[in-house]
Protein chains: 2
Amino acid sequence: MITTNSEVKAKFLRGFSDKTRLQILESLRESEKTVSQIVETLKGNQSNISQHLACLKGCGIIIGRQEGKYIYYSLRNEEIKQLLDLMQSVFVNVELEVAACEKNDELDCCQSNKEDVANESGGR
Amino acid sequence: MITTNSEVKAKFLRGFSDKTRLQILESLRESEKTVSQIVETLKGNQSNISQHLACLKGCGIIIGRQEGKYIYYSLRNEEIKQLLDLMQSVFVNVELEVAACEKNDELDCCQSNKEDVANESGGR
DNA sequence: AATATATATTAGCAAACACTAATGTGATCT
DNA sequence: AGATCACATTAGTGTTTGCTAATATATATT
């Protein structure tokens with residue numbers, strides 16, 4: 001009888017399901033940063049980063065505090081950091097396991113890149 | 001120096017970022033199940049569930065074993081279960097925190113449902 | 001007040017996603 | 001062999017997402 005609203009929970013977790021957002025979170029792991037620091041670190045587009053930050057904030061994963069013209073973003077709390085750590089370690093193990101046990105050496109979620117894979121058959 | 005390939009990691013985590021998939025995972029938490037058992041539990045569409053199972057399997061989150069004409073799916077390992085647990089508890093706390101500290105009582109990730117929210121102002 | 005800096009917001013677009021209905025495949029049973 | 005059951009796959013469609021470029025807002029500086 002766990003059953004929280006799966007829809008809202010999915011929205012929360014969607015915050016972690018993007019490459020750029022994961023990079024942002026990783027860069028915030030050590031310390032809070034301003035938007036421009038993040039943009040510089042990731043060598044990303046300002047607008048793009050800003051949107052991802054809004055996403056992460058909306059998901060409750062990070063918080064922002066204003067200081068003059070800067071806005072410092074940081075992970076919401078210690079728990080989020082723990083979650084990131086566990087995600088990381090579980091991921092690494094799964095990756096190894098998948099690579100070891102199956103011919104498939106790349107995680108392939110959902111009905112994505114079918115033709116892509118077919119086309120670049122000579123890859124890597 | 002954490003830096004795993006964020007792209008692959010994002011694919012892995014995307015497995016958790018959908019309502020239906022979360023429900024499937026929740027139903028697998030207790031014990032392995034056949035596709036039809038899951039379909040019945042979630043009162044879902046067979047094709048849809050089957051696709052989500054393929055997704056979860058591709059992400060390395062679940063595994064399947066065949067037994068006669070049935071295929072039993074289960075969580076890949078204990079770690080995945082732990083991750084689900086932590087996701088759950090972090091989510092619940094964040095949800096409470098967000099609900100308590102801000103006027104916004106619903107997590108709203110990314111640039112989604114702006115007009116929806118505006119329209120159904122009398123919702124819930 | 002004018003300008004510069006830091007960040008957010010908007011619009012537009014292509015790609016990815018989730019869903020349904022229909023069809024395919026493989027195992028079991030008669 | 002033919003029918004049935006369990007599951008997977010394909011095709012089609014509308015929605016959501018992530019990106020870029022352009023514009024807006026707010027704070028700071030001169």
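Below, read A as the first sequence line, B as the second, and so on, with proteins coming before strands; counting in each chain starts at 1.
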Exercise. Taking NZ from B:Lys19 and C1' from D:dT15, how many angstroms apart are they, rounded to a whole number?
Worked result: 15 Å
For this session: Report the distance from atom CD1 of B:Ile71 to atom C1' of D:dA8, rounded to the nearest whole Å.
Result: 8 Å
Seminar exercise, completed: Atom OH of B:Tyr70 and atom P of D:dA8 are separated, to the nearest Å, by 14 Å
Exercise. Checking all strands, does B:Ser50 fall into the base, sugar-phosphate, or nothing category for heavy-atom contacts under 4.0 angstrom?
Worked result: base
For this session: Output the distance between atom CD (B:Gln82) and atom CG (B:Leu75), rounded to the nearest 0.5 Å.
Result: 11.5 Å
Seminar exercise, completed: Rounded to whole Å, the CZ-P distance (B:Arg21 to C:dA16) equals 15 Å
Distances under 3.5 Å between nitrogen or oxygen atoms of protein and nucleotides 21-28 of chain D:
from   : atom 1 : to      : atom 2 : distance (Å)
D:dA21 : N6     : A:Ser47 : OG     : 2.7

Exercise. Does A:Glu67 have any side-chain hydrogen bond (donor to acceptor under 3.5 Å, both in side chains) partners at least two apart in sequence or in another chain, and if so, which?
Worked result: A:Arg65
For this session: List in chain and number order the residues that pass side chain to side chain contact (heavy atoms under 4.5 Å, CB included) with B:Asp85, two or more places apart in sequence or in another chain; answer none if no residue qualifies.
Result: B:Arg29
Exercise. Under 3.5 Å, is there a donor-acceptor pair between the A:Gln51 and A:Ser47 side chains?
Worked result: yes
For this session: Give the rounded distance in Å between these two atoms: CZ of B:Arg14 and C1' of C:dA18.
Result: 13 Å
Problem set entry | Selected nucleotide, minimal atom distance to B:Ser36 side chain, candidates C:dA18, D:dC7, D:dC19 | D:dC7
Problem set entry | Spacing between B:Asp18 atom CG and C:dC17 atom C1', to the nearest angstrom | 9 Å
Problem set entry | Nucleotide D:dC7, atom C1' - distance to CD1 of B:Ile24 in whole Å | 13 Å
Problem set entry | Partners passing side chain to side chain contact (heavy atoms under 4.5 Å, CB included) against B:Ser36 (at least two apart in sequence or in another chain) | B:Thr34
Exercise. In terms of side-chain heavy atoms of A:Tyr73, which of C:dA8, D:dA6, D:dG18 is nearest?
Worked result: C:dA8
For this session: Sorted by first residue and then second, give each salt bridge (Lys or Arg N to Asp or Glu O under 4.0 Å) pair with at least one member in residues 33-56 of chain A; sequence neighbours left out.
Result: A:Glu30-A:Lys33
For this session: Check side chain to side chain contact (heavy atoms under 4.5 Å, CB included) between B:Ser17 and all other residues, then give those that pass, not counting sequence neighbours.
Result: A:Arg14, A:Ser17, B:Arg14, B:Arg21
For this session: Specify the separation, in whole Å, of atom NE2 of A:His52 and atom P of D:dT20.
Result: 9 Å
For this session: Would you indicate, yes or no, if D:dA6 has its OP1 or OP2 atom less than 4.0 angstrom from a side-chain nitrogen or oxygen of B:Thr34?
Result: no
